[in-house]
Amino acid sequence: MAGRTNGGRTLPSLLSVTLRRGLIAGRAYLVIGIIVSLILTVVLLRTSHGSAVFVATFPLEVPLFATLGALGGMILFVGDRSKGVLEYLISYGVRPRALFVNCLLATVVLSTIVMGTTLIVGLSGYVATGHSISSTLENSILGYTIPMTYASSLFAATCGVIWSTLSTPRMGLNSPVGVAPLLGVAPPVLVLVIAEGVDKSAYYYVTGGAALGFLVLVAALLVASSRLMSRERYLSPM
Amino acid sequence: MVDPSISRSANGPSKAELSCVDVSSGYLGKKVLDGITFAVDEPAIYVVLGPNGAGKTTLFRTIAGILRPYSGTIEIAGRSIEEQDTRDRLHFLSHVDGIPDGLRVEEALRFYGSVQGATDADVNRVLRLLEIEPLRTKYVSQLSAGQKKRVSIARIFLRERELYLLDEPTANLDPKIAAEIRDLILKLSKDRVVLYSSHNLFEAREIGKYVIAIKAGRLNLFSRISELKSAKYVVGVRTVGGERALPKERLQGEYYVFELAGPEEVSGLLKELEEKGVQVREVKELGNPLEDLFA
């Protein structure tokens, strides 16, 4: 919903405020996600020596940390629900679906920041150490890293939001907010393990198929959420 | 506090004409409200009363369009609450503050302003109106419960609406601020319909013109407060020398308490006390007809 004017300066739209708040709410995770990802990238660049290890490993590790760094969107939604912010927004005519979608858009922006930073630093370092970007690396990034980054971070956010609205409010690491990151990193970890033992000819099918599969799963969860999350689910439990 | 000069909504002010017809509503299929029917259009404060769990908050949430009624219709000025134009006619104040975390007070108001179509000028005006300008740059998490409540209330003054649904607006406020908020709401009610829930029956009687009593999810009473009569009329009398002539059992604090049939018996009581040599300093009504609605 865009800001409207009334003779004064226009206020920012709800979406832009939500994105900015997502950055603030999840800044600790964002910083940790970027730093850890960069450390591992640097370690990989220094120790892999040859391009084969880097090409095989780098594209697989990025989604893990992007998922961790993108938790701000989910944290924002869960916090706003418990504070009663969502019910106010609904009373002003904001559709509940839009609130959920805004949270997912914040997740996409945050995961893009982590993924983009890691890809830029990692690939720049790779090129700077005398390697060229091969079609294998390019295909892995386009076919797996980018879709799996969005699939796993959206999976974590969607599961966290649905779970937190369906369950009794709990705080701390035992809450859906605490457990959702583990759900989010599960897909890329699973692929990491499976890809290790897969024949080279099947590698792209496994990794690309897994990314596609989780994107389809996220879409299915979103469809299911409209049935599961009636308006009452957006109310503060207080 | 200064007089509120609220900016006009897109539709401009007009009669709210809220009508609820046979409204049933609740949470996750569990009915809380059952067949509520009433209509209001006269600008005034309508005090919504009822015991805990009676359905007051559910009623407000349903009128505000947050909960969808299981059955029945809610209309404002003849239009369904599901329409955006209708939403633009009302303000809802929940018992939950609803102030987003991680924002400064000014940012929180700008956040809600963006949804309501308000401007920076509106935000500055309500910061002055609610006397929260010194809190402008403070983070919401740094505020006391009362300060948060004031910020929450400030939101309903960002844009002018025709219908105000205020769920316990003065809870958690100190008496001075509560009185100032009540004054602002009273001014609003001169040409606006205000539905106001409170557990403070004296406050309700002081500012309300009508009472809407909810009991176990049903409309128990809709009446002018002035037309309500207590089952008993209780007065407290502060005296000089009462301890010599009046029984100790009647004393509650500084007042001797008497149950009368009605206000017409007060003059007789005063005469009786005078005959006993008791000097009367003050007589005040202790009972509140609204209390009977909780019986």
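Protein chains get the first letters and strands the later ones, always in sequence-line order, with residue 1 at the start of each.
For chain A, the option among B/Arg155, B/Glu107, B/Glu83, B/His91 with the highest count of heavy-atom pairs below 4.5 Å is B/Arg155.
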Intermediate values then yes/no, side chain to side chain contact (heavy atoms under 4.5 Å, CB included), B/Leu67 and A/Leu235: CA-CA 9 Å; B/Leu67 296 174; A/Leu235 297 177; 3.8 Å; yes
Output, in order, the C-alpha distance, side-chain angles, deciding distance and verdict of side chain to side chain contact (heavy atoms under 4.5 Å, CB included) for A/Arg21 and B/Leu103. CA-CA 8 Å; A/Arg21 291 182 60 223; B/Leu103 296 183; 3.8 Å; yes
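Proximity to chain B (any heavy atom under 4.5 Å) is shown, for A/Leu86, by neither the backbone nor the side chain. For B/Ser25, no part sits under 4.5 Å from any heavy atom of chain A, backbone or side chain.
The shortest distance between side-chain heavy atoms of B/Leu28 and A/Arg233 falls below 4.5 Å. When side chains are defined from C-beta on, B/Ser94 counts as touching A/Glu87, because their heavy atoms get closer than 4.5 Å.
Within 6.0 Å of atom NZ in B/Lys148, more than 12 heavy atoms from other residues, nucleotides or ligands are found, so the atom counts as buried in its surroundings. Within a 6.0 Å sphere centred on CZ of A/Arg27, heavy atoms belonging to other residues, nucleotides or ligands number 12 at most.
Looking only at distances, no side-chain donor or acceptor of B/Arg87 sits under 3.5 Å from a matching main-chain atom of A/Val94.
With rounding to the nearest 0.5 angstrom, the OG atom of A/Ser91 is 12.5 Å from the CD1 atom of B/Ile63. Here the straight-line distance linking atom CG of A/Leu89 with atom CZ of B/Phe111 works out to 4.5 Å at 0.5 Å rounding.
Closest approach of B/Tyr70 to A/Glu232, counting heavy atoms only: OH-OE2, 4.0 Å.
Taking non-hydrogen atoms and a 4.5 Å limit, the residue list of residues 218-231 of chain A in contact with chain B, ordered by number, reads A/Ser230, A/Arg231.
The ring-ring contact (aromatic ring centres under 6.0 Å, His included) search around B/Phe92 returns A/Tyr88, not counting sequence neighbours.
For the pair B/Arg159 and A/Tyr92, the cation-pi test (distance below 6.0 Å, angle within 45°) is failed.
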